[in-house]
Amino acid sequence: MKKNSIKIYMLAGLLAVSAVSCKKDLDLLPTNDVTASTVYSTAAGYKQALAKVYGSYALTGNKGPAGDDGTKDIQGIDEGTSDFYRLFWQAQELPTDEAVIAWGDAGLPDFHNLSWSSSNQFLKGLYYRSIYQITLCNDFIRQSSDDNIASRGFSGADAANIKSYRAEARFLRAYQYWVLMDLFGNPPFMTEADALGSTPPKQISRKDLFTYVERELKDLDNSLVDTRQNEYGRADKAAAYALLSRLYLNANVYTGTPRYNDAATYAKKVIDAGYGLVSNYKNLMTADNNLNKNEFLLTINYDGVHTQGYGGTTFLLHASIGGSEPAGARGADGGWAGLRTTKSLVNLFPDATGTADKRAMFYTSGQNLEINNISTFTDGYAITKYRNIKANGGAPSNLTFADIDVPLFRLGEMYLTYAEAVLRGATTGDMATAVGYVNLLRARAYGNANGAVTSINLNFILDERARELYWEGLRRTDLIRYDRFVTASYLWPWKGGAQNGRASDANHNLYPLPSTDLAANANLKQNPGY
């Protein structure tokens, strides 16, 4: 689906929360005569508006890629850094053993140091980006209500399609609420029933938000398109099942009540839906990985021509290139010399060359395994997982902006979720099946039976998740679930700002709500410890 097919001046992200930083340059009125009455007057208009909702995952404004002229979605942050996945990835990977970054931008070193505050600009950007995208969803859901569909004269197939679009917007809203629940715990809460800007939104507890997201996703089983029947990059029932399985796997963290039976059940729903693994792991993150629709459940679609920006896979590509690595070998016109990994990830593989476990995609020439200085790019191995070239070696559409799509969910995660849920006591699954799923991943990784295992345990699954899913935005959540994120039970280089690693305060299992939003909305209370 073409994601830049509509350009509507939508409410900017800061105003979407609670009249935060109510600046005069954030004009609520359209400046190009594009209004709701015109946009939603045709069935095609509804699909274009839905494209805006999806597009907000990959685009940063109505102009881009890094302007500052009032057309960007989120005020108060450089547009080039305000892409959803770039912000989400940083919050999920930079505080962990999987990633360090050389840059000293204010607030960026705080991640690996586990020393962020409520004024961290990147956390504020992520918080407001999620709220902004929820606001877009709420507006679309409001505009596609049964009453509005009927009053605008839609019937038959057009009405049915619009209702299907509404279900997708509800899923995207649920996904963003999962993001806020996982990272911030207790965010402000609003739905299509809340008039925009009428009153500051109330805060919802993490436990209540879990219940809401669960209820929404289960209800969507009645209205989302059947599994594998939607356009690539759009949500269907499998996406809802996948998010439910992830939700349930972490339920003990979110609510204090384990839900491992449900985690296994919904992972199995995805597994049994006919998906399959791409034969070569190295082709997961290529310029033509849109062909991986048999393994990908839902993606953020990036295109070097139509979704130009400095976030997403453009960021993951360029920021991981530096030192002696030739940028052209990965389909880029240059490197930004930022992202590397720690030896804790490297040591999970039999060797760093990928000759045994082919998932080991490291650039080692001229790079030091040990990180003596995080600011030095050649300290720490670089990761080559994101390659802006086609699987057959063909050229991408653009060397500056990547064509690589991001899978928000893929089959490999479901295999590992099922296995972990069984190990944690799920009676809806069985150990033989769990081991079999793990061995499907390891057969691809090794290219033969050498990687097969006969038994598994929880420590093995945590390591296997790192080997299979590294740099895919899941590591922080995994480490928290295993109680290893802030504790001394697992240390990695420069954890907490110490070269050999050190424990941190338990409050860092949640990020703080932005101080600006707390000042603007008396309904909000800060997370403990901030």
Side-chain angles (χ1 to χ4, degrees), residues 92 174-175 178-179 181-182 206-207 209-211 213-218 220-221 227 237-277 295 297-298 348 407-445 452-470 472-485 490 509:
Q92 287 285 78
Y175 174 81
W178 168 77
V179 169
M181 177 179 62
D182 186 82
R206 200 182 206 187
K207 188 173 182 179
L209 188 51
F210 176 96
T211 299
V213 173
E214 177 190 23
R215 184 174 63 245
E216 278 286 280
L217 293 173
K218 293 181 78 170
L220 286 172
D221 201 21
T227 299
K237 290 181 180 179
Y241 299 156
L243 183 51
L244 276 167
S245 72
R246 189 184 292 176
L247 187 76
Y248 290 134
L249 186 65
N250 294 285
N252 194 43
V253 173
Y254 300 149
T255 71
T257 302
R259 299 285 295 275
Y260 299 120
N261 277 341
D262 293 317
T265 295
Y266 279 91
K268 194 71 162 59
K269 278 179 173 285
V270 175
I271 293 167
D272 290 345
Y275 291 93
L277 297 177
E295 178 165 352
L297 312 180
L298 181 65
L348 293 179
L408 294 178
F409 306 96
R410 62 180 178 88
L411 181 61
E413 180 192 353
M414 297 298 101
Y415 285 154
L416 293 166
T417 294
Y418 181 95
E420 182 177 336
V422 169
L423 285 165
R424 292 186 183 273
T427 58
T428 53
D430 65 87
M431 190 61 66
T433 302
V435 172
Y437 289 155
V438 169
N439 280 333
L440 289 175
L441 296 174
R442 293 180 66 82
R444 173 172 68 178
V453 295
T454 57
S455 64
I456 57 177
N457 58 42
L458 284 173
N459 288 334
F460 173 87
I461 289 297
L462 180 62
D463 291 348
E464 192 68 11
R465 286 182 69 91
R467 286 185 285 262
E468 178 68 25
L469 301 169
Y470 67 94
E472 295 187 36
L474 296 172
R475 188 59 169 173
R476 170 192 159 274
T477 301
D478 288 348
L479 290 174
I480 290 173
R481 187 173 65 256
Y482 276 77
D483 197 28
R484 298 182 186 180
F485 183 57
Y490 177 45
N509 281 322

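Both backbone and side-chain heavy atoms feed into the values below; hydrogens, waters and symmetry mates do not.
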Heavy-atom nearest pair, Tyr437 first then Asp272, reads OH-OD1, 4.5 Å
Phe485 and Asn509 have their tightest heavy-atom pair at CD2-OD1, 3.5 Å
Between Asn439 and Ala452, the two heavy atoms sitting closest are OD1-CA, 3.2 Å
Query - Side-chain heavy-atom pair Val435, Thr454 within 4.5 angstrom cut-off - result: no
For this session: Start with the C-alpha gap between Leu247 and Asp262, add the side-chain angles, then the distance that decides, and say whether side chain to side chain contact (heavy atoms under 4.5 Å, CB included) holds.
Result: CA-CA 9 Å; Leu247 187 76; Asp262 293 317; over 6 Å; no
Rounded to the nearest 0.5 angstrom, the CG-CG distance for Leu469 and Asp478 is 7.5 Å
The reported gap from OG in Ser245 to CD in Glu413 (rounded to nearest 0.5 angstrom) is 6.0 Å
When rounded to the nearest 0.5 Å, the distance separating CG of Asp483 from CG of Asn252 is 10.5 Å
Pairwise side-chain contact, Thr265 with Leu244, heavy-atom cut-off 4.5 Å (strictly under): no
All heavy atoms of Ile456 vs all of Ala434, minimum pair found to be CD1-CB, 4.2 Å
Distance col, row Thr255:OG1 vs Glu214:CD, nearest 0.5 angstrom, shows 9.0 Å
Interatomic distance, CG@Leu416 vs CG@Leu423, rounded to 0.5 Å, equals 10.5 Å
Exercise for the section: Give a yes/no verdict on a cation-pi contact between Lys207 and Phe210, requiring under 6.0 Å between NZ or CZ and the six-membered ring centre and an angle within 45° of the axis. Expected result: no
For Leu479, is there any backbone N or O sitting under 3.5 Å from a side-chain donor or acceptor partner on Arg484? no
Mark yes or no for whether Thr227, through its side chain, and Lys237, through its backbone, hold a donor-acceptor pair below 3.5 Å. no
Examine Arg467 relative to Phe460 and say whether NZ or CZ is less than 6.0 Å from the centre of the six-membered ring and inside a 45° cone about the ring axis.
yes
Determine whether Tyr415 and Leu277 make a side-chain contact, defined as any pair of heavy atoms from C-beta on separated by less than 4.5 Å.
yes
Taking every heavy atom of Tyr418 against every heavy atom of Ala264, the minimum-distance pair comes out as CD1-O, 3.7 Å
### Task
Could you tell me whether the side chain of Thr417 reaches within less than 4.5 Å of the side chain of Lys268, counting heavy atoms only?
no
Given 3.5 Å as the limit, does a donor-acceptor pair link the side chain of Tyr254 with the main chain of Leu209, or not?
no
With heavy-atom distances below 4.5 Å as the criterion, would you say the side chains of Arg246 and Asp182 are in contact? no
For Gln92 and Gly473, the nearest pair of non-hydrogen atoms, with its separation, is NE2-O, 3.1 Å
Please tell me if the side chains of Arg442 and Glu468 come closer than 4.5 Å, counting only heavy atoms from C-beta onward.
no
dist Glu472:CD -> Arg465:CZ (nearest 0.5 Å) comes out at 10.0 Å
Here the salt bridge (charged side-chain N to carboxylate O under 4.0 Å, His left out) pairs for residues 424-433, sequence neighbours left out, are Glu420-Arg424
Ring geometry between Tyr248 and Tyr266 (parallel below 30°, tilted from 30 to 60°, perpendicular above 60°)
tilted
Item to check | Verdict with reasoning, Asp221 to Tyr241, per side-chain hydrogen bond (donor to acceptor under 3.5 Å, both in side chains) | outcome: CA-CA 9 Å; Asp221 201 21; Tyr241 299 156; 2.7 Å; yes
